[in-house]
**Student:** 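Quick one: the structure is below, and I'll ask about it shortly.
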Amino acid sequence: QVQLVESGGGLVQAGDSLRLSCVASGRTFSYYGMGWFRQAPGKEREFVARINWSGGNTDYADSVKGRFTISRDTAKNTVYLQMNSLKPEDTAVYYCASGPPQAGNYEWEYWGQGTQVTVSS
C-alpha cells in the first residue's frame, strides 16, 4: 500500500506561482510513475502532468504546457508541481497519483487526498 500526501495549495492571484508537493510513503516502488491531476467544481478530473520513474520523461496537458513543471526527488519519494503564471481557470483541487507503467501510460493505483488551489482574478 502506498500513501500519498499533497501540500502547497492555497489562494493566490492571477500571475502568481505555487509549488505543490506530494510525499509518498508505505510500500513505494521506484519504478512507479507519478502524476498530477485536477478537478474543478462541476467538472471531471483531468490530467495535468506526469513523470516517469527516473524523472527523464515528462508529459503535460496542453493547458499547462510552458507554465507548469513536474519534477521528482526519488530519494525523498517526493514529486513536485511548480505552477507559474497561474490563471483563474487553474482553480481546482489538485491530486497526486502513482502507479506502474502500463501500455504507454500508467495505471494510477494510488491517489492522494488533494490540495485546493484557488486563483483569483
**Student:** Do Asn52 side-chain atoms and Asn57 backbone N/O form a donor-acceptor pair below 3.5 Å?
**Tutor:**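 Yes, because the side chain of Asn52 sits within donor-acceptor range (under 3.5 Å) of the backbone of Asn57.
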**Student:** With sequence neighbours left out, write down each residue that passes salt bridge (Lys or Arg N to Asp or Glu O under 4.0 Å) with Asp73, or none if nothing qualifies.
**Tutor:** none
**Student:** Apply the side chain to side chain contact (heavy atoms under 4.5 Å, CB included) test between Leu18 and each candidate in Asp90, Thr115, Leu11, Val117; give the one that qualifies.
**Tutor:** Val117
**Student:** Output every pair passing disulfide bond (SG atoms under 2.5 Å apart) with a member in residues 91-121, not counting sequence neighbours, ordered by first then second residue.
**Tutor:**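 Counting only pairs at least two positions apart or across chains, the disulfide bond (SG atoms under 2.5 Å apart) contacts touching residues 91-121 are Cys22-Cys96.
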**Student:** Could you pull out all residues at least two apart from Trp108 that satisfy ring pair (Phe, Tyr, Trp, His ring centres under 6.0 Å)?
**Tutor:** Phe37, Tyr106
**Student:** Tyr60 vs Arg67, test: side chain to side chain contact (heavy atoms under 4.5 Å, CB included). Steps then yes/no.
**Tutor:** CA-CA 10 Å; Tyr60 298 91; Arg67 300 188 299 122; over 6 Å; no
**Student:** Can you name the residues that form a salt bridge (Lys or Arg N to Asp or Glu O under 4.0 Å) with Lys65, not counting sequence neighbours?
**Tutor:** Asp62
**Student:** Does Gln13 use its side chain to pair, donor to acceptor, with the backbone of Ser120 at less than 3.5 Å?
**Tutor:**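 Answer holds: no.
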**Student:** Return a table of donor-acceptor pairs under 3.5 angstrom between the side chains of residues 74-83 and protein atoms on other chains or two or more places apart.
**Tutor:**
| unit_1 | atom_1 | unit_2 | atom_2 | d |
| --- | --- | --- | --- | --- |
| Thr78 | OG1 | Lys76 | O | 2.8 |
| Gln82 | NE2 | Asn84 | OD1 | 2.9 |

**Student:** Could you walk me through whether Glu6 and Tyr94 satisfy the side chain to side chain contact (heavy atoms under 4.5 Å, CB included) test, starting with their C-alpha distance in whole Å, then the side-chain angles of each, then the deciding distance to 0.1 Å, before giving a yes or no?
**Tutor:** CA-CA 8 Å; Glu6 304 97 332; Tyr94 283 71; over 6 Å; no
**Student:** If you compare all heavy atoms of Thr58 against all heavy atoms of Ile51, which two are closest, and at what distance to 0.1 Å?
**Tutor:** CG2-CG1, 3.7 Å
**Student:** I need the Asp16 CG to Ser85 OG distance, nearest 0.5 Å.
**Tutor:** 9.5 Å
**Student:** For Pro100 and Glu109, which heavy atoms make the closest approach, and how far apart are they?
**Tutor:** CD-CD, 3.8 Å
**Student:** Kindly indicate whether the side chain of Gln116, heavy atoms from C-beta on, has any atom under 4.5 Å from the side chain of Thr91.
**Tutor:**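 Yes, close enough: below the 4.5 Å cut-off.
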**Student:** Counting only N and O atoms by type, is there a donor-acceptor contact under 3.5 Å from the side chain of Arg45 to the main-chain atoms of Val93?
**Tutor:**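 No, the answer is negative, given that no donor and acceptor are paired below the 3.5 Å cut-off.
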**Student:** Atom CD of Gln113 and atom CD of Gln3: how far apart are they, to the nearest 0.5 Å?
**Tutor:**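 Going from the CD atom of Gln113 to the CD atom of Gln3 covers 11.5 Å.
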**Student:** Using the salt bridge (Lys or Arg N to Asp or Glu O under 4.0 Å) criterion, which residues pair with Arg50? Sequence neighbours excluded.
**Tutor:**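 In terms of salt bridge (Lys or Arg N to Asp or Glu O under 4.0 Å), with neighbours along the sequence ignored, Arg50 is linked to Asp59.
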